[in-house]
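The block underneath contains the structure these notes are about, expressed in structure tokens.
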Amino acid sequence: MSMEFDNNLPIYIQIMQYIKKQIVTGTLQAGDKIPSVRELAAELQINPNTVQRTFQELEREEVVETRRGLGRYVTSEESKIMTIKKEMAGELLERFLTGMQELGIEEQDIVSIVADAVAEGQSQQNNPAGKGGTQHE
């Protein structure tokens, strides 16, 4: 794992966000063991106390659970993982809408832009070579 840290946000929060993203994208599956405090601290080259705080917060949020003598594991509760996914999607959507409004784009235009982008994305998925793409034999 390699991370570049943002000086404007506490490191433990950035690590929490990274781990949550790994969970919702399926890189870390429900029930998977996560690295120990020492392993993660060494890998990220940060203080073990920072990693410990990260894990404590993740446990408090019930994202990970400690199994005595075995380590920490991603929650097996699928509803919790879905909640995290919805929260992350909501944050992305809020940033997007704020940015569009700052550009002075009206609500109906935002909807139209998103619909066009989704349609374009679907057409590109159906045609992986893309527009004007050539396939070599």
Side-chain angles (χ1 to χ4, degrees):
M1 172 197 298
S2 176
M3 289 184 68
E4 284 190 33
F5 296 108
D6 177 354
N7 292 332
N8 298 318
L9 192 63
I11 291 174
Y12 82 95
I13 291 176
Q14 294 176 63
I15 298 169
M16 285 178 65
Q17 290 171 338
Y18 179 81
I19 290 172
K20 286 178 180 181
K21 188 171 183 178
Q22 285 191 312
I23 293 169
V24 299
T25 60
T27 304
L28 282 174
Q29 301 281 323
D32 280 356
K33 188 175 191 319
I34 61 174
S36 71
V37 169
R38 289 183 188 187
E39 289 170 337
L40 193 54
E43 192 174 330
L44 296 175
Q45 299 179 347
I46 60 173
N47 189 312
N49 292 334
T50 303
V51 176
Q52 181 63 33
R53 178 157 185 203
T54 300
F55 288 168
Q56 286 173 339
E57 288 298 313
L58 289 171
E59 280 187 52
R60 187 183 61 74
E61 293 182 11
E62 300 177 351
V63 174
V64 300
E65 53 194 37
T66 298
R67 297 181 189 160
R68 191 175 297 270
L70 299 174
R72 287 185 177 87
Y73 292 80
V74 174
T75 183
S76 298
E77 207 175 307
E78 290 293 331
S79 63
K80 183 65 183 174
I81 294 171
M82 188 51 94
T83 299
I84 296 167
K85 188 177 246 182
K86 287 179 182 177
E87 288 172 0
M88 293 177 86
E91 291 168 7
L92 276 173
L93 186 56
E94 185 177 325
R95 286 195 305 269
F96 170 75
L97 290 173
T98 299
M100 296 297 273
Q101 290 165 346
E102 287 173 355
L103 292 174
I105 299 174
E106 299 292 326
E107 285 183 28
Q108 65 274 12
D109 294 331
I110 294 172
V111 171
S112 177
I113 290 168
V114 170
D116 290 347
V118 169
E120 179 67 24
Q122 288 175 344
S123 70
Q124 285 181 1
Q125 285 179 345
N126 294 333
N127 181 13
K131 291 183 180 177
T134 58
Q135 293 186 345
H136 300 283
E137 293 183 24

What donor-acceptor contacts under 3.5 angstrom involve side-chain atoms of residues 94-113, with partners at least two apart or in another chain?
residue: T98; atom: OG1; partner: E94; partner atom: O; Å: 2.9

Open item on the list: What's the separation between atom CG in L58 and atom OG1 in T75, rounded to the nearest 0.5 Å?
Closed with: 11.0 Å
TODO: Can you sort out the partners of S36 under side-chain contact (heavy atoms from CB on, under 4.5 Å), two or more places apart, ordered by chain and number?
DONE: R38, E39
Open item on the list: So for atom NZ, which belongs to K33, do other residues, nucleotides or ligands contribute more than 12 heavy atoms lying within a distance under 6.0 Å?
Closed with: yes
TODO: Mind checking the CD-CZ spacing from E65 to R72? Nearest 0.5 Å is all I need.
DONE: 11.5 Å
Open item on the list: Could you measure the distance from the CG atom of L40 to the CD1 atom of I19? Nearest 0.5 Å is fine.
Closed with: 6.0 Å
- [ ] Measure the spacing between CG of L9 and CD1 of I15 and express it to the nearest 0.5 Å.
- [x] 10.5 Å
- [ ] Identify the heavy atoms of A41 and P48 that sit nearest to each other, and give their distance.
- [x] CB-CA, 3.7 Å
Open item on the list: Quick one about Y18 and Q14 (side-chain donor to acceptor, distance below 3.5 Å, no hydrogens or angles considered), yes or no?
Closed with: no
Task: Path from Y73 to I23 over hydrophobic side-chain contacts below 4.5 Å - done: no
Open item on the list: To the closest 0.5 Å, what do you measure between CG (L44) and CE (M3)?
Closed with: 6.5 Å
Task: Donor-acceptor contact below 3.5 Å, side chain Q29 vs main chain G26 - done: yes
Open item on the list: Please find the pair of heavy atoms, one from N47 and one from N49, that lie closest to each other, and give the distance.
Closed with: OD1-N, 2.7 Å
Task: Inter-residue atom distance M16.CE - R60.CZ, 0.5 Å rounding - done: 7.0 Å
Give the table of side-chain donor-acceptor pairs shorter than 3.5 Å for residues 77-87, with sequence neighbours excluded, one pair per line with atom names and distance.
residue: E77; atom: OE2; partner: S79; partner atom: OG; Å: 3.4
residue: K80; atom: NZ; partner: E61; partner atom: O; Å: 2.9
residue: T83; atom: OG1; partner: S79; partner atom: O; Å: 2.9

Open item on the list: So which atom in A30 and which in S76 form the shortest heavy-atom distance, rounded to 0.1 Å?
Closed with: CB-CA, 4.0 Å
Open item on the list: Quick check on the hydrophobic clustering: are V51 and F5 connected, directly or via other members, by side-chain heavy-atom contacts under 4.5 Å?
Closed with: yes
- [ ] Would you name the heavy atoms of V64 and F55 that are closest together and state the gap between them?
- [x] CG2-O, 4.1 Å
